[in-house]
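Predicted model, so just to flag it, every value in this text is computed and none were measured.
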2 protein chains.
Amino acid sequence: MARRGSLSATPAPSLRIGEVARRTGLPVKTIRFYCDEGLLQPKGRSAAGYRLFDEENLAELTIIRALRTMDVSIAELVRILEVRRAGVCNCSVLKGSMAAKVESINLRIVELAAMKDELSRLLDSWQDCGGAKVQD
Amino acid sequence: MARRGSLSATPAPSLRIGEVARRTGLPVKTIRFYCDEGLLQPKGRSAAGYRLFDEENLAELTIIRALRTMDVSIAELVRILEVRRAGVCNCSVLKGSMAAKVESINLRIVELAAMKDELSRLLDSWQDCGGAKVQD
DNA sequence: AAAAACTCTCCACCCAGTCGGTGCTTTCCA
DNA sequence: TGGAAAGCACCGACTGGGTGGAGAGTTTTT
């Protein structure tokens with residue numbers, strides 16, 4: 001009832017790249033890069049050729065940012081977002097991706113812990129330097 | 001008592017790059033790359049020009065591997081290993097590095113957790129798809 | 001109108017490796 | 001002893017995920 005036709009809600013916000021950058025916290029260059037990679041698709045261009053974005057693009061950037069933080073590759077993100085754009089529900093795809101990444105993150109944490117320990121042992125084995133003392 | 005002079009113990013193991021790779025689990029190419037970067041310094045070269053490594057190099061690779069896992073840059077590692085090679089005790093330097101890195105890792109974990117949550121919220125907001133339903 | 005801020009494209013560069021090619025050296029095995 | 005196979009060297013190019021700068025056009029502010 002609320003929304004009838006395309007008259008009332010969100011007519012065409014048309015954010016420019018700088019505004020998107022400001023809102024997402026991502027550098028302008030990075031957003032441009034994402035567009036080049038087909039990851040982000042601006043709704044259009046202004047007469048002068050400026051990229052124009054909308055709220056949906058912002059939502060996509062949220063996903064992108066989150067998954068990139070989790071080291072999902074650009075290529076994989078392209079696939080995920082394509083599915084999403086096709087109107088297909090990709091909850092499960094995304095959930096799968098997330099689960100996999102969370103798993104790999106946990107693995108990485110274990111790895112880091114192991115390396116931390118290894119370093120600690122190494123450090124201990126050098127303790128014979130006394131702690132003070134330095135020169136050759 | 002055991003070791004008198006340089007006769008008895010470890011005369012000159014002189015490992016070649018392949019053996020080092022086998023022992024450390026690092027690819028040969030990576031070890032070569034580390035040498036090129038001045039990170040790892042083979043004890044010498046064979047007549048034919050083959051890089052020759054010793055146990056000390058293996059120890060260094062352990063440090064390198066551990067710190068690289070923790071995202072310490074090559075440049076920083078060069079500095080750390082230079083100090084170490086100079087015979088100066090660098091326990092404190094290394095400990096500082098480690099502390100800093102552990103800190104940044106913890107930060108990263110927090111960041112990851114936040115992104116995980118953000119994604120979860122996003123996923124939840126898509127639940128309206130019902131969960132089933134997909135095709136084209 | 002002038003200046004500042006913003007945007008565009010294009011090209012080069014960063015890091016930490018990784019790959020492939022070509023040619024020499026060493027090792028294995030019949 | 002000889003020849004294949006494996007190992008090693010060097011070189012240059014490529015990767016991914018951006019980042020930086022130049023030079024030109026556009027929009028906004030003063």
First locate atom [atom1] of [X], then atom [atom2] of [Y], and finally report the distance between them rounded to the nearest 0.5 Å.
X        : Y       : atom1 : atom2 : answer
A:Asp54  : A:Glu60 : CG    : CD    : 8.0 Å
B:Asn57  : B:Leu52 : CG    : CG    : 10.0 Å
B:Leu61  : B:Thr30 : CG    : OG1   : 10.5 Å
B:Arg51  : B:Arg16 : CZ    : CZ    : 13.0 Å
A:Met115 : B:Ile63 : CE    : CD1   : 12.5 Å

* Salt bridge check: are B:Arg85 and B:Glu56 linked by an N-O gap of less than 4.0 Å? -> no
* Does A:Arg79 come within less than 4.0 Å of A:Glu82, counting only side-chain N to carboxylate O? -> no
Could you state the [atom1]-[atom2] distance from [X] to [N], rounded to the nearest angstrom?
X       : N      : atom1 : atom2 : result
B:Arg51 : D:dG7  : CZ    : P     : 17 Å
A:Glu37 : D:dG16 : CD    : P     : 9 Å
B:Asp36 : C:dG17 : CG    : C1'   : 11 Å
B:Leu52 : C:dT25 : CG    : P     : 15 Å
B:Glu76 : C:dA16 : CD    : C1'   : 15 Å
B:Arg68 : C:dA16 : CZ    : C1'   : 6 Å

* Structure fact -> Residues in residues 21-33 of chain A with a heavy atom under 4.0 Å of DNA chain D, by number, are A:Pro27, A:Lys29, A:Thr30, A:Phe33
* Structure fact -> Under a 4.0 Å heavy-atom criterion, the protein footprint on nucleotides 24-30 of chain D, written with B, S and -, is -BBS---
* Does a side-chain N or O from B:Tyr34 land closer than 4.0 Å to OP1 or OP2 of C:dA16, or not? -> no
* To do: Considering just the side-chain nitrogens and oxygens of A:Arg45, establish if one lies under 4.0 Å of OP1 or OP2 belonging to C:dT9.
  => yes
* **Minimum side-chain heavy-atom gap A:Phe53-A:Cys35 below 4.5 Å** => yes
